[in-house]
Each structure stands twice: as structure tokens, then as C-alpha cells.
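Working notes, beginning with the structure itself.
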Amino acid sequence: MKSRPARKTFRQRLEHMVQELRKEIAAGSFKPGQFLPSEEELAKLFQLSNKSVRQGLHVLVEEGLIEKLPRIGNKVTEAAGTVKTAVTLACRTVLIEQARLDLILERFRAKYPHIEVKLITLDYNNYTQATKQLMESKALDIIMLNHMDFMQMAECDGLELLERFPPDPNAYPFLNDLFMQEQQLCAKPFAYSPVILCYNKRHFQQMGMADPDSSWTWDTVQSQAELLSNRDRYGFYFNILSDNRWLVYLLQSGLTFARDERGRYTYSEQRLKECLRVCRSLIANKKSFPSYMAESERDVQELFLQEKVSIVMTTYFALNNLSGAAFPYDIAPLPYTHAPATLLQGIGWAVNRLSPEKEAAKLLVDFLTSHEGQTLIERHTLSLPALKMAETETNDTAETESESLSGSLRKPTRYQLYKEIIPSFTPISDLNLPLAKLTQLKQCLKYYWFQMEDEEQAVRRIEEMLNAPLSTDSYRTVQALPG
């Protein structure tokens, strides 16, 4: 049993002791009939007084996990080995395959058989509102949140429902930042991805063209995509309506929105116009960009796998669906406008503060974000785990070839690219616009993208929208799917 060093308040140290003992009993380190360390030992280990230790042990007595035998000690009860705790966890279906959540939960259940995990999937457009209502009714103990979900939860006063964690020192700091409020972590980082390019190497080789590199701008994409296009394929494609794609151009423009003393939004109109031109120029180029309206990221992946497009905008999450391609493919940094920047997607797990099974829920979240849980993501998927794990250590838990799926997942040669482009990672929150306004902005841009309005009309429409009151239905069309 390990105690954490302690610059903690008395209350935190006491709660920590109770949690640690509860975990040890749950994990079978202290089996029914065994005695816990003496009160003196526990007091020294957790830097508490004997009186405080007795107070904490009383909690475990009340829970039926231990019984106090006067003058003898504190013995783990027989009931502690049979008590079942049910924890309900919610996420989007796509996360199960992109992070092998099923495999991680299977490992957790084997390690903590007394905790029953109920996994439910919620593939709603109003995911945040649905999970918020379920948490308020105590029907959910843990929820998956990506950065957009987190922003939306903050805007609808939902963060008060989330248990707080200390920042995870083993996770990348930029991922902790995605889920922080007032220096407190509201969701523990689990996985992440930047937006990148994925390209068909065979098409490039056929045309005698060099692979994409970090010097590419969007003008380069257009010229190279035209060369790659022929009667059987187009050079470049992405889902313009995906919030994980079109927002890239806003982020790369360097645009930030702020309110003046009158409460009106201020921003660089010149940068906005440049952003509009870059995006429309790409999708309006019928020599290289198909007139095809994708309904989801799956549609884009299918076009790529069928070799109908040579270059797509994608993520490490989506690479899991591309690894079986019948041709050689690779990845490259996202082209840029003013300076290299790419949209950062992060996924975390949050615990419902109202949960009656909060301790078991925390135990599960700790496992999902532990070295063991994160190693399973790295070994069995192409997604990026949140912990700083460059390579899987050879002395990790051994797995046979039949257990490991890594052999069937073909990693691109430049898979380690993410390490080189970390300085370009940019979250949507850097735009300083509420999600509801971003949703309305996309509605405005549709008229311009599909050539129903000119640039000046688009700019006027955007100006009016930004400074109009938000309606109560503003969040209903927000899409925040990973991938």
C-alpha cells in the first residue's frame, strides 16, 4: 500500500486513506478474514492522528467492508468479497472501436470483479443535454466528454455536476488544459488527436510526385490535387460540414473574437475574409474537389479506401478505419494559411458528483486513464493515449500474439508525426466564441461556401449573427463527434 506525499488538508488526507483502503479491499489485497494494518501504522502512513484514523475506519465499518474487533484490530468482512457495486458509464459508440473501450473494460472487470460496469451509448446530437439530465437524475455515474462537449457543458452550467480531480502529471499538459475550470480538472484525459492529412502513396508514386511535407500551404494542396486528379479520382476531399474540419480554417487564420465595452464582438475582418476565401477556393475547385456531400466521416473514409480521392483531412482516431487499405498510405501535417496550426481533439472521462457510487466510479476512471488502461489503447488501436507513452515498454504485462491486435493494425510510416507537430495543436476554445455562435456561424457560411452569397454578403451576415441574441435552441445542432 502506498500513500501519497502530503501537502494536503486534513480532510483530503482522511478521504485519501478511506479511498486507498477501499481500493485495496476491492482489489483483493486485503481478503475477507484478513486484518488491516494497525491504527498506528495507518496514522504514520497517511500522516493522520490515531483519532482521525479511527474516524476513517468507521466509514468502512458502516459500509460493511470491515468489522472492528476491540483490542484485536480491524478485519475485512466476508461480505466485502461478495458486495457488488454497479457503475453506469456513457459514451458515443465510435469510442468503443477507436479506443477499444470494450477491451479496457474487460480488463477492469477481471481486476475488480465486485464492480459491475454498465456501458450505454448515446449517439445523440444533443449528447451534452442528454447526459446532463441523466446525471441530474443519478442515472449516470461516468460520462465521456470531448473538448466541445466540455465547452457546451460549461455554457449550460453543467460543470457543477462534475467531480474534480487534481491535474494528471502523467498526461500531456495541453490535454489537462482542455478540461480545466478555475485550475481544477473536471475530466481526466483519455485519448486525443490532431487533424492531419492522409494520402495515397501509390497515387503520388504514379505521378512521380514528392510526398506532402510541413512546407505545404493550402495553395500547394490545390496545385498538387489538380495533378493527382483524373477521370477516376479527385485529388483532395474533406467533409466541409464537420465541425472537426471547417473550424481548422478559422483557427489557422489567427482569428480571435472579443467583446468591446458595448458587448459587441470585435475581430479582424481581413483575417475573416482570408479564411473564407481559402476554404471556398478549395471546395469550389471542380478540377480537384468532388461535388459530393458527405453525411459523415465514414463517407470520406470510404472514398479514400475506394481510391476515389488521393488526399483527405483526417485524424488518428479515423486511422483505425483506414488501416486495412489495399494500398500504401501515409500521413502528413496539415497545410497552413498564416502559420502552422491544427485542431486538437481531446477525450476525457468525468465522474458525476451526485453519483451514489462515486468511489467506484473514480476507481474506474483512474483505471481508464492509468498506465495499464492507456497501454491497451496504444497496443490495440492507432488512437493516441493521453499519457506520455512514446513506446510500449517491453516489461509491460505480456500478451500473446493472439491477444494482441497490433499485428492487424498497419501503422503509417510517419505515425510518430504527432510528436513533431505538438506546437501547432490548437483547441477550439482559442477562438473565444460560444459553441452556439460557432453553430450559427456554420449556418452563415453555408450560403458562401455553396456560392449563394458573395464575400461581402457573407461578412455582413456574420456580423449580424455574432451580435444577435442567442435563441434557446442554439445548441441543438452542435456536432461534437470524435474523428
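Residues take their numbers from the sequence shown, with the count starting at 1. Keep in mind that this is a model prediction, so the values were computed, not measured.
K411 forms a cation-pi arrangement with Y415, by the criterion of a distance under 6.0 Å to the ring centre and an angle within 45° of the ring axis. Y127 carries R92 over the face of its six-membered ring, with the cationic atom under 6.0 Å from the centre and within 45° of the normal.
Among Y192, F190, Y418, the one residue that satisfies the ring pair (Phe, Tyr, Trp, His ring centres under 6.0 Å) test with Y172 is Y192.
Residues N176 and L185 form a side-chain contact, since some pair of their non-hydrogen atoms from C-beta on lies under 4.5 Å apart. Counting only heavy atoms from C-beta outward, the side chains of F238 and V195 never approach each other to under 4.5 Å. Under the 4.5 Å side-chain criterion, counting only non-hydrogen atoms from C-beta, L364 is in contact with I142. Proximity of D299 to F304: side-chain heavy atoms (C-beta onward) are nowhere separated by under 4.5 Å. Looking at heavy atoms from C-beta onward, L343 lies out of side-chain contact with P194 at the 4.5 angstrom threshold. Annotation: side chain of R461 is in contact with side chain of E453 (closest heavy-atom distance under 4.5 Å). Side-chain contact check for C198 versus L322: some heavy-atom pair is nearer than 4.5 Å. Counting heavy atoms from C-beta on, the side chains of L431 and L250 come closer than 4.5 Å.
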Q.
Determine whether R109 and E116 satisfy the following criterion, salt bridge (Lys or Arg N to Asp or Glu O under 4.0 Å), listing intermediate values before the conclusion.
A. CA-CA 7 Å; R109 291 182 182 109; E116 179 186 357; over 6 Å; no

Q: Could you go through the ring-ring contact (aromatic ring centres under 6.0 Å, His included) check for F327 and Y199 one step at a time?
A: CA-CA 10 Å; F327 52 86; Y199 61 98; over 10 Å; no

Q) Between Y234 and F289, is a ring-ring contact (aromatic ring centres under 6.0 Å, His included) present by the stated rule, with each step listed? A) CA-CA 6 Å; Y234 286 89; F289 198 95; 8.3 Å; no

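Not counting sequence neighbours, the partners of E97 by the salt bridge (Lys or Arg N to Asp or Glu O under 4.0 Å) test are R298.
Separation of atoms CG (L441) and CH2 (W246) is listed at 4.0 Å; rounding is to 0.5 Å.
Panel note: side chain S355, backbone D141; no donor-acceptor pair is recorded below 3.5 Å.
Using a 30° and 60° split on the angle between ring planes, W218 and F236 fall in the tilted class, from 30° to 60°.
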